[in-house]
Amino acid sequence: MPFELRHVNVYLVRDGAGFTLIDTGLKTDESRQALEAHLAELEVPLKRIRRILITHIHPDHFGLAAELRQRSGAELVIHRLEVALMEPRYARAEDLVHDVAAWLSKNGVPSKEAEFIKSASMAAREFVSVAEPDTLLEGAERLPTEGGALIATWTPGHSPGHCCFYWPERRVLFSGDHLLPKISPNIGLHPQSGADPLTDYLGSLDRIRRLEVSLVLPAHGEPFADHRSRIDSIVQHHRQRKDSLVALAAEGPQTGWELAGRLFKGVMERNVFQQRLALQETLAHCQSLAQEGRLGKQVREGLVRWGAA
Ligand SMILES: [Zn+2]
Ligand SMILES: [Zn+2]
């Protein structure tokens, strides 16, 4: 991928005479060629892919879905909460930019920065074609394969309809972006997120924690074992970040933009993508803290400020 994160992993699961593909990669020539080369190596023609499971609709996971479905005739399967995000995100992005502009100003972003940040997501559109799914998931569905069912495990947080796919017979978890070996996935409050995504995310980690897993196959990075200790360190990371925000907000009510600047010193200067992610991430923590009663959320004259509870 032409991003800071260089690779996305997609997985192929044998299913009788056919195969199930989990995620697709970006809609770029490089990504398409890499996928085709690996399939050729495995002697799997596209026509034998019968089903495509999508963990969530971010471009690196969903980008090639429309094209692959068209070329293979595979059934496209996605959680229903992701479907509602597709149109505004990729087909009617101009409307979304308008919503994002209002959201930026409400959270204290100065108009000069807001001008750059609001368009930062538009670039993602070129890496995706929107595809109507054939089958919608809600969570807990058992999807049969030759080696036992894959269980669609709804894990909202990183995205509202994110799904992991759990394979109990093999004690394998296809974790998408929900659980990654090195980085903690971006959990952000923004116009397309859930209303309290960090609380959702921590709840989803708890759901995964209870599963018997010997091997996690993540969407980014190398496969890993011991999912529970990885979950513990991610939970710890969010706990510390929450404590830092409570301490900062104790100095007096501040906007999300002001708090992000202090919480993510250094990161904010890098580029508009980082600024946007830092703001979303800060707000997700503030919202979770406010829901718990540990921060006060003031809305006055079109501005949201976070202060002591
Ligand atoms: Zn993602
Ligand atoms: Zn990803």
Side-chain angles (χ1 to χ4, degrees), residues 1-12 21-28 30-32 34-35 52-65 68 76-86 88-90 93 96 100 120-131 133 137 152-165 173-194 197-198 200-202 204-205 208 216-224 227 230-231 234 237-238 273-274 276-281 283-284:
M1 300 194 291
F3 308 137
E4 228 168 295
L5 209 54
R6 293 285 306 139
H7 301 99
V8 60
N9 302 324
V10 308
Y11 296 97
L12 196 64
L21 182 72
I22 301 177
D23 285 339
T24 69
L26 288 178
K27 194 186 77 174
T28 62
E30 202 182 355
S31 185
R32 187 186 297 109
L35 181 62
I52 303 170
L53 304 179
I54 301 292
T55 59
H56 63 303
I57 62 144
H58 290 167
D60 43 338
H61 303 261
F62 176 64
L64 272 175
L68 291 177
L76 184 63
V77 184
I78 311 181
H79 193 279
R80 66 177 173 83
L81 291 181
E82 292 295 284
V83 177
L85 308 178
M86 285 178 197
R89 200 182 181 106
Y90 300 130
L96 183 61
V100 170
S121 56
M122 295 289 276
R125 289 195 303 170
E126 66 177 282
F127 301 118
V128 182
S129 299
V130 175
L137 299 171
T153 308
W154 180 43
T155 44
H158 174 67
S159 189
H162 188 289
C163 279
C164 295
F165 296 98
L173 182 73
F174 297 97
S175 65
D177 278 357
H178 181 56
L179 189 62
L180 299 172
K182 293 266 162 55
I183 52 171
S184 72
N186 171 254
I187 310 297
L189 183 72
H190 56 84
Q192 280 208 319
S193 72
L198 182 61
D200 290 345
Y201 178 66
L202 295 172
S204 299
L205 282 180
I208 293 299
V216 181
L217 298 176
H220 306 284
E222 298 294 322
F224 62 100
H227 70 304
R230 182 67 192 123
I231 289 171
I234 293 177
H237 159 82
H238 288 295
F273 292 100
Q274 296 300 335
R276 189 178 55 139
L277 292 178
L279 176 64
Q280 293 176 355
E281 188 93 18
L283 290 170

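The figures here come from the full heavy-atom set of this structure, side chains too, leaving out hydrogens, waters and symmetry mates. We count ligands from 1, going down the list as the structure has it; atoms in each ligand are counted the same way.
Taking 2.8 Å as the criterion, Asp177 counts as a coordinating residue of the Zn ion (ligand 1), since one of its N, O or S atoms falls below it. Taking backbone and side-chain atoms together, His58 has an N/O/S atom less than 2.8 Å away from the Zn ion (ligand 1). For residue His56, an N/O/S atom approaches the Zn ion (ligand 1) to within less than 2.8 Å.
Rounded to the nearest 0.5 Å, atoms CG (Leu179) and CG (Leu173) are 7.0 Å apart. Here Asp200 contributes atom CG and Trp154 contributes atom CH2; the two are 7.0 Å apart, rounded to the nearest 0.5 Å. Summarising the geometry, atom CG belonging to Leu198 is positioned 11.5 Å from atom CG belonging to Leu283; distances are rounded to the nearest 0.5 Å. Remark: Asn9 CG to His220 NE2 distance equals 8.0 Å, nearest 0.5 Å.
Between His162 and His178, the angle of the ring planes lies from 30° to 60°, which puts this pair in the tilted group.
If you look at His158 and ask which of its N, O or S atoms sits nearest the Zn ion (ligand 1), the answer is NE2. Within Asp60, the N, O or S atom lying nearest to the Zn ion (ligand 2) carries the name OD2. Taking the Zn ion (ligand 2) as reference, the nearest N/O/S atom within His220 carries the name NE2. Nearest N, O or S atom of His61 to the Zn ion (ligand 2): atom NE2.
The side chain to side chain donor-acceptor pair (under 3.5 Å) test with Ser159 singles out one residue from Glu82, Gln192, His56, and that residue is Glu82.
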